[in-house]
K.L.:
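Here you go, one structure.
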Amino acid sequence: MTDPFDLTDEPLDDPAPGAAAAPAPADAPPPPWLTGLNPEQRHAVETTEGPVLVLSGAGTGKTRVLTTRVAYILHRRLTRPWRVLAVTFTNRAAREMRERLGSMIGPVSESVWLGTFHALSLKILRRHAGLAGLRDGFTILDADDQLRLLKQLMTDAGLDPKREPPKGLMGRIQRWKDRGLTPDRVPEDDVKGAAGRRAGDLYARYQARLLELNACDFGDLLLHTLGILQKHPDVAEEYQTRFDYILVDEYQDTNVAQYLWLRLLAARHKNLCCVGDDDQSIYSWRGAEVGNILRFETDYPGAAVIRLERNYRSAPPILGAASALIRHNADRLGKDLIAAGATADDPDAPPVKVRGLWDGEAEARWVVEEIEALGHEGLPAAGTAILVRATFQMREFEDRLMACGVPYQVIGGPRFYERLEIRDALAYLRLVAQPDDDLAFERIVNTPKRSLGEASLQIVQKHARAEGKPLLNAARDLSDGDDLKARAKKALAAFVADVDRWRALVGGLPPAELCATILEESGYAAMWKADKSPDAPGRVENLEELVGAVAEFESLDAFLEHIALVMETESKGAAAGVTLMTLHGAKGLEFDVVFLPGWEEDIFPHRRALEEGGQASLEEERRLAYVGLTRARKRAFVSFAANRRIYNNWQASLPSRFVDELPDDFVEKASDTGLYGAVTAGFAEEPGGWGTRHARRSLNGNGNGGGGGGTRLSPGTGSWKARDRSGEGTDIAVGQRVFHQKFGYGRVLSNDGGKLAVDFEKAGRKTVVAGFVEAA
DNA sequence: GACGGGCCGTTTTTT
DNA sequence: ACGGCCCGTC
């Protein structure tokens with residue numbers, strides 16, 4: 001396969017500038033990909049000159065506009081492919097764009113500069129590493145390495161990691177980088193109040209240390225590139241001249257650094273086309289600035305602003321519900337989605353179903369029942385997603401799906417290249433490819449154990465520092481001398497010899513074979529094969545998979561370059577079952593059926609979001625809800641539970657305010673338990689009374705589970721307009737005949753604090769919550 | 001260098 | 001409640 005980040009490397013100095021600029025004949029028939037566009041889309045595609053902002057609502061065909069625009073520019077011969085820059089946020093989006101472009105215009109699409117901000121930055125940075133204080137072959141640290149490094153610096157600075165959590169400072173540094181701030185530019189106020197007022201100093205040290213290691217982190221890819229463009233007008237001009245057309249996807253997600261990066265690159269031609277949707281901005285917490293989209297017209301006077309409001313994705317009720325919800329946000333440019341295309345006219349499109357359930361378990365049960373029912377209606381699990389606010393919510397659904405034998409996949413778990421064994425293996429490869437990679441050396445010099453403990457390593461490090469040599473060279477020196485004990489000396493000599501030998505094989509052996517050889521000869525693979533722990537076999541498999549992944553590259557360097565930026569394996573095969581993922585992860589995707597569980601105050605909107613960010617965060621949470629709803633093509637289901645166990649505490653929960661904000665017209669609200677009903681219109685106007693909405697009442701401190709029916713919920717709270725179900729469930733006796741809405745009649749076998757074991761006449765033996773049954 | 005007890009944190013996450 | 005991480009002990 002080809003590496004999607006191996007952007008075809010045309011010489012920067014265009015061999016024949018403008019040579020191919022002969023326009024296509026005016027009478028040539030329009031290419032097929034141009035004719036299927038609606039007028040707004042077409043306008044967005046054909047407005048090639050000058051700044052353009054495309055406000056593209058969910059499901060309005062933004063990717064199509066972007067790809068078609070590139071195709072159109074090239075078709076009209078307005079420039080050549082390698083003079084077009086198309087930027088995305090994720091590898092997934094870049095891959096998708098490249099594929100679609102390829103299907104429109106064929107292999108010339110390969111030459112377009114298309115990639116993520118980071119991949120494109122890296123491409124530029126590799127050319128000018130020296131200008132950023134880096135040397136050729138610099139490495140890119142992953143999150144783990146970054147943190148380790150910072151921790152070390154903080155400890156050296158005498159900070160107590162308990163009092164000053166490295167993670168906190170790391171986050172702060174990243175936010176600075178998001179804003180394009182180098183250590184010398186961080187505002188005074190910002191520096192105080194963190195890491196014992198030494199945050200700025202530590203940031204500077206961190207950056208210095210990275211340069212010493214000839215490394216950079218992800219943020220640096222942008223920051224260094226930005227710095228080069230700012231400080232070296234000659235270099236900047238080269239790129240400014242080169243990129244005749246620039247296109248940006250998901251513009252609402254750009255941070256300040258990316259904004260500046262774009263502004264610099266577009267400074268000359270100003271043919272900058274940004275596509276985005278302020279209503280889908282959900283990443284402010286990692287530095288995204290919706291402001292970028294809001295100020296586009298100011299920054300680029302005379303910019304064309306084109307709105308795409310025809311939604312081709314979602315059934316009208318789903319669209320209606322989503323639109324009504326997002327209208328509660330004050331801070332937006334304002335767009336209204338209109339149902340269009342095949343979905344628009346279906347008079348039978350079912351409403352969004354909103355359901356209140358007793359607890360999380362009941363909710364999971366309900367979701368999976370619905371999924372099974374939909375399967376019979378011709379909507380299989382493969383087109384269905386369950387989108388949760390936070391990962392901890394996934395477990396209940398996994399349990400239930402597994403119990404019911406419904407296939408599913410969790411998206412967004414720990415990633416392949418972040419696993420310990422993979423990171424170790426990569427360190428071997430890095431060290432072989434790049435002998436001055438000290439971090440790699442440190443990581444694996446004693447893995448597997450080679451009796452090279454802390455003490456020996458200290459000596460190597462001291463020597464390396466004194467001589468200004470990489471650790472591997474220092475080790476080579478010391479493997480012959482008196483500084484180390486004989487045992488360590490021997491081990492070190494063997495290790496260095498191994499690395500040297502592997503290094504000699506680079507280029508001679510196919511990279512996959514080289515990789516396999518290294519894992520064998522180093523004893524690393526053997527280490528896991530000998531390991532008795534339960535996860536060891538999995539790790540061995542992962543190592544084999546790694547070798548397989550390397551096989552797809554032509555050289556070791558190409559592979560390492562690739563994985564530095566693409567920290568995931570290509571998703572294998574089509575999704576077979578229900579997709580379980582976070583709302584954040586779902587952006588940009590679509591499904592026939594979407595379940596949105598956990599719509600409860602404190603979970604969604606998440607309490608911490610509100611605590612930290614107030615109104616602005618509430619609106620972001622609401623956008624997240626909007627993103628969730630608009631993922632659905634045919635059916636959408638929203639649910640909430642009245643009781644939820646959090647850290648093993650049962651807590652009463654209130655339906656999310658977002659539930660109230662869904663319009664009655666497109667929504668069918670119901671509840672198995674009579675819990676719903678919840679929320680009165682106008683609760684917000686009632687001073688005091690609904691203040692409890694944000695307070696979390698402990699449901700029962702004595703820990704006897706969620707049983708006991710609705711007794712604890714109803715009295716005095718006013719939360720539930722439902723029938724008073726006080727006492728229900730508590731008085732269910734063993735042996736009693738009961739009725740359950742789903743399972744019908746049955747006899748109670750046992751009552752464990754409200755969890756009933758019931759032998760149902762039709763459905764068989766089930767465990768149900770007392771609140772679900774009534775005496776029969 | 002391996003085990004184990006105590007302590008902390010427990011929204012979202014790409015590159 | 002639980003898991004991960006750090007540090008201490010053997």
Side-chain angles (χ1 to χ4, degrees), chain A residues 5 87-94 115-122 125 140-144 146-148 151 155 160-163 165-168 170-171 174-175 177-178 216-223 225 249-250 253-255 257-258 281-288 387-395 411-415 417-418 420 446-455 531-533 561-568 581-588 598 602-613 617 620-621 623-625 627-628 645-650 703:
Chain A
F5 292 91
V87 198
T88 66
F89 272 84
T90 63
N91 292 308
R92 190 180 74 200
T116 62
F117 276 102
H118 291 87
L120 294 165
S121 290
L122 177 63
L125 191 54
I140 300 163
L141 301 196
D142 61 32
D144 238 69
Q146 289 172 43
L147 198 61
R148 206 188 310 274
K151 243 181 221 171
T155 312
D160 175 8
K162 295 246 159 80
R163 287 182 59 96
K167 268 192 177 167
M170 195 73 247
Q174 270 158 3
R175 292 296 84 77
K177 290 187 177 182
D178 288 339
C216 66
D217 64 23
F218 281 112
D220 286 337
L221 294 177
L222 278 150
L223 201 61
T225 304
D249 191 15
E250 306 275 20
D253 286 336
T254 48
N255 59 36
Q258 288 156 341
S281 159
I282 54 173
Y283 283 116
S284 72
W285 50 274
R286 65 179 200 209
L387 307 179
V388 296
R389 172 68 242 264
T391 46
F392 72 83
Q393 295 170 265
M394 289 183 182
R395 219 202 55 208
I411 309 286
R415 272 163 299 185
Y417 289 110
E418 281 169 10
L420 171 92
N446 199 30
T447 311
K449 301 276 176 267
R450 297 189 177 90
S451 328
L452 291 164
E454 195 57 31
D531 195 301
K532 293 283 180 289
S533 65
E561 189 78 332
H562 172 81
I563 56 99
L565 290 176
V566 188
M567 293 298 269
E568 54 174 326
M581 68 197 309
T582 63
L583 286 160
H584 283 92
K587 193 164 71 141
D602 290 358
I603 289 182
F604 191 36
H606 198 278
R607 184 154 140 243
R608 283 189 55 180
L610 266 42
E611 280 168 1
E612 284 165 25
S617 287
E620 182 151 316
E621 295 282 300
R623 290 193 290 270
L624 202 48
V627 166
R645 187 164 57 185
I646 293 174
Y647 309 133
N648 217 36
N649 260 332
W650 281 95

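In what follows, every chain begins at residue 1, and chains take the letters A, B, ... in the order their sequences are listed.
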K.L.:
How close do A:N446 and A:S451 get, counting heavy atoms only, and between which atoms?
P.N.:
OD1-N, 3.4 Å

K.L.:
Nearest to the side chain of A:T90, heavy atoms from C-beta on, is which of B:dT13, B:dT11, B:dT15?
P.N.:
B:dT15

K.L.:
What nucleic acid atoms does A:E612 come within less than 4.0 Å of, heavy atoms only: base, sugar-phosphate, or nothing?
P.N.:
base

K.L.:
Provide, to the nearest angstrom, the distance between the CG atom belonging to A:D178 and the C1' atom belonging to B:dT15.
P.N.:
11 Å

K.L.:
Any protein N or O atoms within reach of nucleotides 6-10 of chain C? Criterion: under 3.5 Å, listing atom names and distances.
P.N.:
residue : atom : partner : partner atom : Å
C:dC6   : OP1  : A:K151  : NZ           : 2.8

K.L.:
Is the phosphate of B:dT11 approached by A:T391 (side-chain N or O, under 4.0 Å from OP1 or OP2)?
P.N.:
no

K.L.:
Relative to the ring of A:H584, is the ring of A:Y283 parallel (under 30°), tilted (30 to 60°) or perpendicular (over 60°)?
P.N.:
tilted

K.L.:
Compare every heavy atom of A:R92 with every heavy atom of A:G585, then report the nearest pair and how far apart it is.
P.N.:
O-NH1, 3.9 Å

K.L.:
A:F392 stacking on B:dT10: centroids under 5.5 Å, ring planes under 30°?
P.N.:
no

K.L.:
Using a cut-off of less than 4.0 Å, is there contact between a side-chain N or O of A:N649 and OP1 or OP2 of C:dA1?
P.N.:
no

K.L.:
Taking A:S281's backbone N and O only, do any of them form a donor-acceptor pair with A:R623's side chain (distance below 3.5 Å, no angle check)?
P.N.:
yes

K.L.:
If the C1' atom of C:dC2 is compared with that of B:dT13, how far apart are they to the nearest Å?
P.N.:
23 Å

K.L.:
For A:V87 and A:D249, run side-chain contact (heavy atoms from CB on, under 4.5 Å): C-alpha distance rounded to whole Å, both residues' side-chain angles, the deciding distance at 0.1 Å, then the answer.
P.N.:
CA-CA 6 Å; A:V87 198; A:D249 191 15; over 6 Å; no

K.L.:
Do the side chain of A:D602 and the main chain of A:H606 share a donor and acceptor less than 3.5 angstrom apart?
P.N.:
no

K.L.:
How do A:S451 and A:P165 order along DNA chain B: which one's closest nucleotide is nearer the 5' end?
P.N.:
A:S451

K.L.:
Give the nucleotide from the list B:dT13, B:dT10, B:dA2 with an atom nearest to the side chain of A:K449.
P.N.:
B:dA2

K.L.:
What's the separation between atom CZ in A:F117 and atom OG1 in A:T90, rounded to the nearest 0.5 Å?
P.N.:
11.5 Å

K.L.:
Measure the distance between the ring centre of A:H584 and the centre of the six-membered base ring of B:dT12, then answer whether it is under 5.5 Å with planes under 30°.
P.N.:
no

K.L.:
Take atom NZ of A:K167 and atom P of C:dG4, then tell me their distance rounded to the nearest Å.
P.N.:
12 Å

K.L.:
If you only use heavy atoms from C-beta on, which nucleotide in B:dA2, B:dT13, B:dT15 is closest to the side chain of A:N91?
P.N.:
B:dT15

K.L.:
Under 4.0 Å between a side-chain N or O of A:R608 and OP1 or OP2 of B:dT11?
P.N.:
yes

K.L.:
For A:G585 and for A:N446, find the nucleotide of DNA chain B with the closest heavy atom, then tell me which residue's nucleotide is more 5'.
P.N.:
A:N446

